[in-house]
Asks: 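The structure follows.
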Amino acid sequence: MLLWYMLLTQIRDMVPALREAINVFVWALRQLDGQVYCLQKANALGILPGSHALDKRDLNRFKKELIHGLCLLEGALPISHLNPGLHHFVHYARYTSTHGLLRTFWMYSFERFVTPTLSTQIYI
């Protein structure tokens, strides 16, 4: 993900349409990754403080933002630079609603258990 931040600073003044597309797309992915709440809010929600949580009511909005970012990318890049694998991002919101936060699925299973991470939860 560090590449996304470095790329945005490099193309800041050159390609504003591509910069906006990457901003929208990455922001939607970051929202689907969940939010870390403060101690009081985490206790009120019944989750571990410092863990990532996501409200299921926001998933439809995040899906629309993700698709909007992909459409902006398609408009800002030539067709030869687009990968058909980008289509998988359309399904991230649905997979998040059925499987939980995708942060646990981005790693191999042995990395998931070796890496000390806090819990990830979706609340209603």
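Just so you know, these numbers use all the heavy atoms, side chains as well, and skip hydrogens, waters and symmetry mates.
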Asks: Spell out, yes or no, whether W27 and L70 are grouped together once hydrophobic residues are joined by side-chain heavy atoms under 4.5 Å, including indirect joins.
Replies: no
Asks: Find the distance between CG (D58) and CD (Q35) and round it off to the nearest 0.5 Å.
Replies: 9.0 Å
Asks: What's the separation between atom CZ in F89 and atom CG in L73, rounded to the nearest 0.5 Å?
Replies: 9.5 Å
Asks: What distance do L72 atom CG and I67 atom CD1 have between them, rounded to the nearest 0.5 Å?
Replies: 12.0 Å
Asks: Following the transitive rule for hydrophobic clusters with a side-chain heavy-atom cut-off under 4.5 Å over Ile, Leu, Val, Met, Phe, Trp and Tyr, establish whether L18 and L66 coincide in one cluster.
Replies: yes
Asks: Counting the benzene-type ring for Trp, do Y92 and Y95 have ring centres under 6.0 Å apart?
Replies: no
Asks: Do you know which of L39, L45, I47 makes side-chain contact (heavy atoms from CB on, under 4.5 Å) with N43?
Replies: L39
Asks: Looking only at heavy atoms, which two atoms of H52 and D33 are closest? And how far apart?
Replies: ND1-O, 3.5 Å
Asks: Find out if a path of hydrophobic residues (ILVMFWY) with successive side-chain heavy-atom gaps under 4.5 Å connects L32 to V26.
Replies: yes
Asks: To the nearest 0.5 Å, what is the distance between CG on L77 and CG on L86?
Replies: 9.0 Å
Asks: Are L59 and V36 grouped together when hydrophobic residues (ILVMFWY) are joined by side-chain heavy atoms under 4.5 angstrom apart?
Replies: no
Asks: Return the OG1 to NE2 distance between T96 and H91, rounded to the nearest 0.5 Å.
Replies: 12.5 Å
Asks: Just verifying a value: how many Å separate L54 CG and F62 CZ, rounded to the nearest 0.5 Å?
Replies: 5.5 Å
Asks: Applying salt bridge (charged side-chain N to carboxylate O under 4.0 Å, His left out) as the test, list every pair that has at least one member in residues 62-83; sequence neighbours left out.
Replies: R61-E65
